[in-house]
Amino acid sequence: IYDYLASPSLLSLVPSDAEKIYVGKKAGYHLFKQEKINELLKEKASQGGVIVRLKGGDPFVFGRGGEECLALAEAGYAFEVIPGISAGIAGPCYSGIPVTHRYIASSAALITGHESSEKSSSNIHWEHLAKGVDTLIFYMGMHNLENIVKHLIQNGKSPETPVAVIRWATTSKQKTITGTLSTINEIVIRKNIKPPAIIIIGNVVSLRNNLAWFEQNTLFGKRIINTRLRNHVSLLSEQLGILGADIIELPTIQIESLHQLNISKDSTREIENFNWIIFTSPNSVNSFLTLFFNYRGDIRLLKNLKIACMGHATVNTLKSYYISPNISANQATLEGFVEVLKKSDIPWNLQKVFIPIGREGDEKLLHSIEKWGAQVKSIITYSSKKPENNIQEIIDLIINKDYDLIIFSHSSAFQNFVSFFEKSQWEDLKSTLRTVSISPITTSTMQKYGIKPVIEAHEYSKNGIIQAIEDYNKNY
């Protein structure tokens with residue numbers, strides 16, 4: 001059960017079979033009244049299972065978490081609270097504003113800028129805030145900014161006190177404007193700053209000129225959609241996030257469990273009769289070795305085999321098992337890999353070669369090596385399919401062009417992506433898609449659908465994609 005301000009990246013961690021209910025509230029629009037949310041929590045608790053109430057910031061700091069927990073406590077339901085970092089602390093930090101500073105501000109106050117309309121009088125003591133607190137942090141105050149400024153000046157706060165307004169703090173959409181108590185309201189109107197935003201008032205705002213670290217990141221402000229395997233942690237997403245990008249993960253490939261493929265134990269025994277095993281992708285490494293360990297259990301049974309790997313990512317995956325290949329090609333292209341094998345000193349006409357592939361695998365490599373006189377056998381060790389996704393929100397972003405780039409690290413990822421759209425939608429989108437391809441193979445697949453990627457990585461790896469995006473961003 002999640003809110004308007006809950007990060008989409010957190011939702012990507014939710015199990016695919018979990019029920020997800022949006023109860024977001026934003027200024028002027030409440031899909032669910034608070035009382036209805038309280039009742040929903042009690043209703044779901046009565047049904048058993050694990051219920052997560054996902055909120056932005058800290059649930060007990062202007063998050064109505066206290067109200068919701070009271071409703072649960074009164075109904076007799078147990079609960080646990082995991083504190084977050086409140087927007088009033090995180091927002092200024094990401095904008096380069098420390099809310100306290102040894103020489104500038106020894107006190108700070110968190111204040112609501114929008115008190116309940118049911119209260120007969122205000123609980124805000126303006127005279128004490130204006131003269132007794134160094135840093136004032138107002139939540140939900142954008143519609144009341146003019147009155148906030150007026151009350152503070154009337155109660156003795158200098159009109160020249162620095163002010164910052166931070167919209168969508170800590171995200172790629174973060175925007176910070178600064179002024180003084182006497183000018184900030186006019187600046188907000190002129191620059192059309194809307195909620196959600198935090199208002200910071202105090203001399204610490206002046207430190208922003210030297211401390212605005214987040215907005216200096218090379219990919220700050222970029223919204224990037226990363227297609228990936230379902231249930232796989234994406235190191236690419238993590239690295240792009242560190243560079244300031246807003247990452248939205250879109251699972252387009254699901255690797256089918258090995259036990260569903262009904263591969264016999266005898267198939268793994270055959271491998272000991274071969275001279276070479278060739279891995280063409282990280283999935284082929286992971287699936288084969290998992291299968292081998294499940295059935296045979298001892299890696300030393302492969303001691304007589306030599307190993308060849310296609311692509312930098314495949315080599316790294318193999319090395320994660322503490323195994324190094326005898327031959328490797330950094331190129332993640334079939335043509336480049338075949339050329340590396342051909343130029344080696346291996347008498348392929350005397351070799352028996354084993355190639356693990358996916359159910360949808362291309363057997364061109366098998367046929368190329370067979371032409372050299374080798375005995376070649378391929379076996380299916382995994383299968384990829386389109387996952388069952390609830391991805392309408394991401395599809396809407398793409399249709400509305402509310403993104404900067406979409407990354408494809410595999411041809412299957414792109415083909416499954418195309419299937420998410422109706423034919424008429426796809427025809428409308430084709431000319432506007434801004435895609436990133438990991439390699440010429442993926443680019444070739446895109447071109448068959450009428451798409452020319454705006455970026456193709458020179459090094460066919462995670463690091464290659466990151467470098468290509470950074471280079472592209474410098475020029476556009």
Side-chain angles (χ1 to χ4, degrees), residues 3-5 25-28 30 34 55-68 83-101 104-170 174-185 187-189 193-208:
D3 277 353
Y4 174 60
L5 294 177
K25 298 194 294 287
K26 50 186 174 181
H30 288 193
Q34 187 59 51
K55 305 176 78 72
D58 190 297
F60 277 15
V61 180
F62 300 122
R64 297 198 178 182
E67 296 176 44
E68 294 174 3
I85 301 175
S86 178
I89 304 300
C93 176
Y94 267 63
S95 192
I97 302 171
V99 297
T100 63
H101 186 280
I104 299 175
S106 300
S107 59
L110 309 181
I111 313 139
T112 178
H114 179 73
E115 292 189 280
S116 172
S117 58
E118 297 175 5
K119 293 165 66 174
S120 57
S121 60
S122 174
N123 286 342
I124 298 176
H125 302 288
W126 294 103
E127 67 279 13
H128 300 308
L129 288 177
K131 296 178 180 178
V133 181
D134 296 317
T135 305
L136 305 177
I137 305 164
F138 284 89
Y139 293 66
M140 302 164 291
M142 292 305 293
H143 293 303
N144 202 28
L145 179 59
E146 186 175 6
N147 285 329
I148 291 171
V149 168
K150 181 180 71 176
H151 282 303
L152 290 172
I153 292 176
Q154 286 178 346
N155 283 276
K157 200 78 170 172
S158 168
E160 299 307 310
T161 303
V163 181
V165 174
I166 311 166
R167 184 168 192 261
W168 281 116
T170 79
Q174 175 175 304
K175 185 173 184 179
T176 305
I177 63 165
T178 58
T180 64
L181 278 179
S182 62
T183 63
I184 194 65
N185 193 57
I187 294 172
V188 163
I189 294 172
I193 304 298
K194 304 290 184 184
I198 294 289
I199 303 165
I200 317 296
I201 301 171
N203 289 328
V204 288
V205 171
S206 61
L207 297 175
R208 170 175 157 76

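Numbering starts at 1 and runs along the sequence shown. What you see is a predicted model, and the numbers here were worked out from it, not measured in a lab.
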Over all atoms of both residues, closest heavy-atom pair of G91 and A169: CA-CB, 3.5 Å
Scan the side chains in residues 144-152 for donor-acceptor partners under 3.5 Å anywhere in the protein, sequence neighbours excluded, and list what turns up.
residue, atom, partner, partner atom, Å
N144, OD1, N147, ND2, 2.9
N144, ND2, G113, O, 3.4

- line: Note: T176 and A164 closest approach over all heavy atoms is CG2-CB, 4.4 Å
message: Would you say that P98 contacts L207 through its side chain, given a criterion of any heavy-atom pair below 4.5 Å between the two side chains?
response: yes
S95 side chain to I97 backbone, donor-acceptor under 3.5 Å: no
Closest heavy-atom pair and its distance - A108, T100: CB-CG2, 4.3 Å
task: With sequence neighbours left out, write down each residue that passes side-chain contact (heavy atoms from CB on, under 4.5 Å) with D58, or none if nothing qualifies.
output: F60, V61, P83, S86
D134 side chain near I104 side chain, heavy-atom distance below 4.5 Å: no
field: M142 and V165, any side-chain heavy atoms less than 4.5 Å apart
entry: yes
task: Would you sort out whether I177 and V188 count as a side chain to side chain contact (heavy atoms under 4.5 Å, CB included), showing the intermediate values?
output: CA-CA 8 Å; I177 63 165; V188 163; 3.6 Å; yes
For residues 193-202, which side-chain donor-acceptor pairs fall under 3.5 Å, sequence neighbours excluded?
residue, atom, partner, partner atom, Å
K194, NZ, N192, OD1, 3.3

- prompt: What pair of heavy atoms forms the shortest contact from I184 to G179, and how long is it?
  reply: CD1-N, 3.9 Å
message: Minimum heavy-atom separation for A87 and P92, please, with both atom names.
response: O-CD, 3.5 Å
- request: List in chain and number order the residues that pass side-chain hydrogen bond (donor to acceptor under 3.5 Å, both in side chains) with S182, two or more places apart in sequence or in another chain; answer none if no residue qualifies.
  value: T180
- line: S158 and L181 have their tightest heavy-atom pair at O-CD1, 3.4 Å
task: For A109, enumerate each residue passing the side-chain contact (heavy atoms from CB on, under 4.5 Å) test, keeping only those at least two apart in sequence or located in another chain.
output: I111, L129, V133, L136
message: Which residues pass the side-chain contact (heavy atoms from CB on, under 4.5 Å) test with M140, not counting sequence neighbours?
response: F62, T112, H114
Sidechain-backbone polar pair: Q174 side chain, Y94 backbone, donor-acceptor under 3.5 Å: yes
- request: For the residue pair V163 and T183, establish whether any side-chain heavy-atom pair is separated by less than 4.5 Å.
  value: no
- prompt: Is there a donor-acceptor contact under 3.5 Å from the side chain of K55 to the main chain of G65?
  reply: no
